[in-house]
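Worksheet for the structure shown next.
Since we're looking at a predicted model, the values are computed, not measured. For the single chain, residues carry numbers from 1 onward in sequence order.
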Amino acid sequence: RCWLLLPKLHHLWHLAFDTLETLINPKNSLLLSAESFVGEVGRIARACHRSTVSRRTLDRWAAKMALKLAELSKQLREDETQAC
């Protein structure tokens, strides 16, 4: 075998059906996004001192999200001004 993946046709059918029904990008609802989040939090935690890891990880993650939201907000404002 060339691939170590097993086809999950039933899951793929549900994925396609749910996507057509809800019109939501499957990328936003798959388990892979949760795994990505865990990896991101793990990278942040490894950069923190072990005595303050819980608090500092939350602080840094919140700061990162605030920066991302500010960037998205700026892009939306620019898109609105270009559309007018």
Side-chain angles (χ1 to χ4, degrees):
R1 292 198 296 186
C2 295
W3 304 99
L4 296 177
L5 299 174
L6 296 174
K8 305 287 186 183
L9 297 178
H10 183 80
H11 176 71
L12 185 61
W13 182 87
H14 277 288
L15 180 68
F17 182 79
D18 292 344
T19 301
L20 288 173
E21 188 175 88
T22 62
L23 301 176
I24 295 175
N25 187 344
K27 177 183 173 189
N28 297 326
S29 62
L30 289 178
L31 179 61
L32 297 176
S33 61
E35 291 176 6
S36 176
F37 171 74
V38 169
E40 183 177 344
V41 170
R43 283 188 293 279
I44 293 170
R46 283 191 293 275
C48 299
H49 190 271
R50 66 182 173 185
S51 67
T52 58
V53 69
S54 298
R55 177 63 187 199
R56 295 297 293 153
T57 300
L58 288 173
D59 290 343
R60 290 179 182 193
W61 181 81
K64 187 174 183 178
M65 290 300 109
L67 289 172
K68 283 184 179 183
L69 286 172
E71 182 179 318
L72 286 172
S73 177
K74 181 182 175 185
Q75 287 176 355
L76 284 173
R77 283 193 303 271
E78 288 174 358
D79 290 347
E80 286 176 353
T81 58
Q82 289 176 357
C84 293

For residues 39-54, tabulate all N or O donor-acceptor pairs below 3.5 Å that involve a side-chain atom, not counting sequence neighbours.
residue	atom	partner	partner atom	Å
Glu40	OE2	Lys64	NZ	3.1
Arg43	NH1	Gly39	O	3.4
His49	ND1	Ser51	N	3.0
His49	ND1	Ser51	OG	2.8

Side-chain polar contacts of residues 71-84 - donor-acceptor pairs under 3.5 angstrom, sequence neighbours left out - could you list them?
residue	atom	partner	partner atom	Å
Ser73	OG	Arg77	NH1	2.7
Thr81	OG1	Arg77	O	3.3
Thr81	OG1	Glu78	O	2.8

To the nearest 0.5 Å, atom CH2 of Trp13 lies from atom CG of Asp18 at 8.0 Å
